[in-house]
2 protein chains.
Amino acid sequence: MATIEDVAREAGVSVATVSRVINQKGPVSPKSVEKVHVAIAKLNYQPNVWGRRLRRQESRMILIFVPNISNPFYASIVSGIEDTMKKDGYGTMLCITNGDKSREEDFIKLLYDGQADGAVILCIDKNDRNIGKLAKEFPIVQCCEYCVGEDISHVSVDNFAAARQVVQYLTSLGHERIGFVGSVNQFISSEDRQKGFEQGLKEAGLSVDQACFAYADADYSFNSGILAGKELLSREERPTAIFCISDVLALGVIRAAHNLGLEVTRDLSVVGFDDVEYATMLSPMLTTISQPRYSLGKTSAQMLIRQIESGEQGGGVYLEHKLILRESTARH
Amino acid sequence: MATIEDVAREAGVSVATVSRVINQKGPVSPKSVEKVHVAIAKLNYQPNVWGRRLRRQESRMILIFVPNISNPFYASIVSGIEDTMKKDGYGTMLCITNGDKSREEDFIKLLYDGQADGAVILCIDKNDRNIGKLAKEFPIVQCCEYCVGEDISHVSVDNFAAARQVVQYLTSLGHERIGFVGSVNQFISSEDRQKGFEQGLKEAGLSVDQACFAYADADYSFNSGILAGKELLSREERPTAIFCISDVLALGVIRAAHNLGLEVTRDLSVVGFDDVEYATMLSPMLTTISQPRYSLGKTSAQMLIRQIESGEQGGGVYLEHKLILRESTARH
DNA sequence: ATGAAAGCGCTAACAG
DNA sequence: CTGTTAGCGCTTTCAT
């Protein structure tokens, strides 16, 4: 592998000049630039990243923390982040924690030993105790979920408004008894969606009846959606519509309904959240809230870069969601 | 950030001794070890990776090439690779190409400029023209798919045998007219599954009738599965069972059947491949071939490490698949 | 506009 | 067993 010295020798200039050309920084005569370019091409030279990073004390690398990658929700967020970072010369490392604390710590070490300049976090409990400390030491942006109580940059949709909109839509279809399937997790999105749901109920003059609420496991799994749906639909006065805080849960509820001999949409309307790919793979196709996932990622990346390069931290950005009408909802 | 020199000063020894302690290599007196450890703890010292990598000329980093992460098939393969690499002190970078040549090239550059020591490739055409050259320069392992014609290490299941087994199972249920939904992609797995399917047919004394074959788009998408299913099921003499080379395709076929007023399993049995999560999320749950995904990843990683550390390249390893019987198949 | 040289933090060869 | 020292490849003063 050719080094900068080889290039300098080949071009008949000093290594300093070569460095100036590579980094397009500092005065160099057009003639030298030309010679250096020729030499670089001839030797097929590529700057050694370790030498550069050692010298510059920066990694030009950022981390993306994600709990798992099986969740199709993350894919285009990650693309949005990667594309945006790459444009600014940053590399990206996907840190898949699988909910495992020790893995998480291993990845955080990358920040401490300088292998990464900052991180985007895609999944965090609203009351997390550690993120505050981390954000004080490193540039951090939270995407989709965030920790309340600490002023750490975050970007997401307005979950409250989205849920409220769902209720408005459902009541406009004539539904008056509307159920809610949440999750016992600790995400701010779950909380906000429930608050928005309740607000929507109140605005429509409907009562907030605890018998209309059911909660799935923290993992949002399909199976726990079936359970929650079964629970809700087996109660005395059955809702005619159910809002679920995620598509997978909604799929579970539909299955539960089916198991109970109920038909969507004749007996029940169902609304999901996220608009993941398989929301359209089932029959009926799911009515759901779509989040601008690529933009969510892109915006997070932009905020992170700004933070890395100028140090400003904090504040929230909210992007537009969209209610997608499909086949799982109908007039009551 | 403390450097090795700070530690040496604090411990009252030379940097060489500190280095020996850190790397547990070379003779050091117990007393020195102790002193160094104390100093390291006191200063909260962490070796600078750039200095180390520059000096050692190695990255202890490997690449995983994956076309996308929305495909749930990849998640646990990736975990298998990451866990195994980490155990040997290697970091991992997930390179999501999204089928984009320029992205791919960006990632390959990481190999050329020394940011990574090798790569696991999760998706490659059987006739790829570039992988051979790459594998001559760097340690490479292909996982699940591989390029024929070049002797580059690979690990996968025996797709031929698996498909053949599916046919045996289907004929044992009394099916005599069995359809095949493939894809026009260029993966060795697709080819082998089709060959195995045809072999199974022959062994059962059934004819290989072109009217029983249909092909989905190269992207294996749900929609193209619907199309292929529709095509196949609309032909004159309809198959009573269909083997699909992927679960998503199988889901599409089931949907197509449903659209045509056919009922699985009364009118049609369907078998998939891969056993991805949502194979169980639909009704009926899918009968399918399960691949040992975590082990596939783990084995790939082990082969890659061996290759990095001792240079040996080539050869194939085949792991056991499993036929998972669920609800989408029945006696004819 | 250019070059000489110091030094980023670490490892390893060598001398003791 | 320990220390000294020469770089790994690069960037960046500081002279010129």
Side-chain angles (χ1 to χ4, degrees), chain A residues 1-40 43-61 89 91 109-117, chain B residues 1-40 43-61 89 91 109-117:
Chain A
M1 284 234 45
T3 72
I4 198 173
E5 210 160 340
D6 300 327
V7 176
R9 198 177 314 115
E10 176 72 29
V13 297
S14 73
V15 294
T17 299
V18 177
S19 175
R20 289 187 193 105
V21 172
I22 294 168
N23 299 294
Q24 308 193 53
K25 169 193 264 191
V28 199
S29 73
K31 227 181 69 185
S32 296
V33 172
E34 175 61 17
K35 284 192 293 185
V36 169
H37 279 144
V38 170
I40 286 178
L43 299 177
N44 193 19
Y45 167 75
Q46 277 190 281
N48 176 301
V49 283
W50 314 131
R52 171 177 290 173
R53 287 176 186 174
L54 174 57
R55 179 57 224 235
R56 290 218 256 226
Q57 303 279 66
E58 66 162 23
S59 68
R60 283 256 145 194
M61 200 66 151
K109 261 188 210 131
L110 300 178
L111 247 18
Y112 280 105
D113 73 8
Q115 287 196 66
D117 299 332
Chain B
M1 286 231 46
T3 73
I4 197 174
E5 209 160 339
D6 300 328
V7 176
R9 200 177 313 116
E10 175 73 30
V13 297
S14 72
V15 294
T17 299
V18 177
S19 176
R20 289 190 193 101
V21 173
I22 294 168
N23 299 294
Q24 309 193 52
K25 169 194 267 190
V28 200
S29 74
K31 224 180 71 186
S32 296
V33 173
E34 174 62 15
K35 284 193 292 184
V36 169
H37 279 145
V38 170
I40 286 178
L43 299 177
N44 193 20
Y45 166 74
Q46 277 191 283
N48 177 301
V49 282
W50 313 131
R52 171 177 290 171
R53 286 177 186 174
L54 175 58
R55 177 58 224 231
R56 293 218 257 227
Q57 303 280 64
E58 67 162 21
S59 68
R60 283 254 145 195
M61 200 64 153
K109 262 189 208 129
L110 300 177
L111 247 19
Y112 280 105
D113 73 9
Q115 287 195 65
D117 300 333

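Chain A is the first sequence line, chain B the second, and so forth, proteins listed ahead of strands; every chain is numbered from 1.
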State the dot-bracket string of DNA chain D. Criteria: Watson-Crick or G-U wobble, both atom distances under 3.5 angstrom; notation: ( ) intrastrand, [ ] crossing earlier pairs, | interstrand, . unpaired.
||||||||||||||||
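D/dG9 atom P lies 14 Å from atom CD of B/E58, rounded to whole Å. Counting to the nearest Å, the P atom of D/dA6 and the CD atom of B/Q57 are 19 Å from each other. Rounding to whole angstrom units, CD of residue B/E34 and C1' of D/dC1 are separated by 17 Å. Atom-to-atom, CH2 of B/W50 to C1' of D/dG7 comes out at 20 Å; the value is rounded to the nearest Å. Rounded to an integer number of Å, the gap from NZ of B/K35 to C1' of D/dG3 is 12 Å. To the nearest angstrom, C1' of D/dC8 lies 14 Å from CD1 of A/I4.
Distances shorter than 4.0 Å separate none of the side-chain N or O atoms of A/T3 from OP1 or OP2 on D/dC8. The phosphate of D/dC8 (OP1 or OP2) has no side-chain N or O of A/N48 nearer than 4.0 angstrom. Between A/R52 and D/dT11, a side-chain N or O to OP1/OP2 separation shorter than 4.0 Å is present.
Between A/T17 and A/L54, the residue anchored nearer the 5' end of DNA chain D, judged by the nucleotide with its closest heavy atom, is A/L54. Two residues, B/R55 and A/R56, neighbour DNA chain D, and the one matched to the more 5' nucleotide by heavy-atom proximity is B/R55. Comparing A/S29 and A/V15 by the nucleotide of DNA chain C whose heavy atom lies nearest to each, the residue mapping closer to the 5' end is A/S29.
Using a 4.5 Å cut-off on side-chain heavy atoms (C-beta onward), A/N44 and B/Y112 make no contact. Looking at heavy atoms from C-beta onward, B/K35 lies in side-chain contact with B/V13 at the 4.5 angstrom threshold. With a 4.5 Å cut-off on side-chain heavy atoms, A/N48 and A/R52 do not count as touching. When side chains are defined from C-beta on, A/V7 does not count as touching A/E10, because their heavy atoms never get closer than 4.5 Å. Between A/K109 and B/Q46 the shortest side-chain heavy-atom distance falls below 4.5 Å.
In this structure, A/V33 and A/V21 approach most closely via the heavy-atom pair CA-CG2, 4.1 Å. Closest approach of A/G114 and B/W50 over heavy atoms only: O-CZ2, 3.3 Å. A/P47 approaches B/D113 most closely through the heavy-atom pair O-CB, 4.4 Å. Here the shortest heavy-atom pairing between B/V15 and B/E5 reads CG1-CA, 3.8 Å. Between B/T17 and B/S32, the shortest heavy-atom distance links the atoms CG2-CB, 4.1 Å. A pairwise comparison of heavy atoms in B/A8 and B/S14 identifies CB-C, 3.7 Å as the closest pair.
Residue contacts shown for B/R20 include a base, since a base heavy atom lies under 4.0 Å away.
Near DNA chain D, meaning a heavy atom under 4.0 Å from it, residues 5-13 of chain A has no residue at all.
Separation of atoms NZ (A/K25) and CZ (A/R20) is listed at 11.5 Å; rounding is to 0.5 Å.
The footprint of chain A on DNA chain C, defined by a heavy-atom cutoff below 4.0 Å, extends from C/dA1 to C/dG9.
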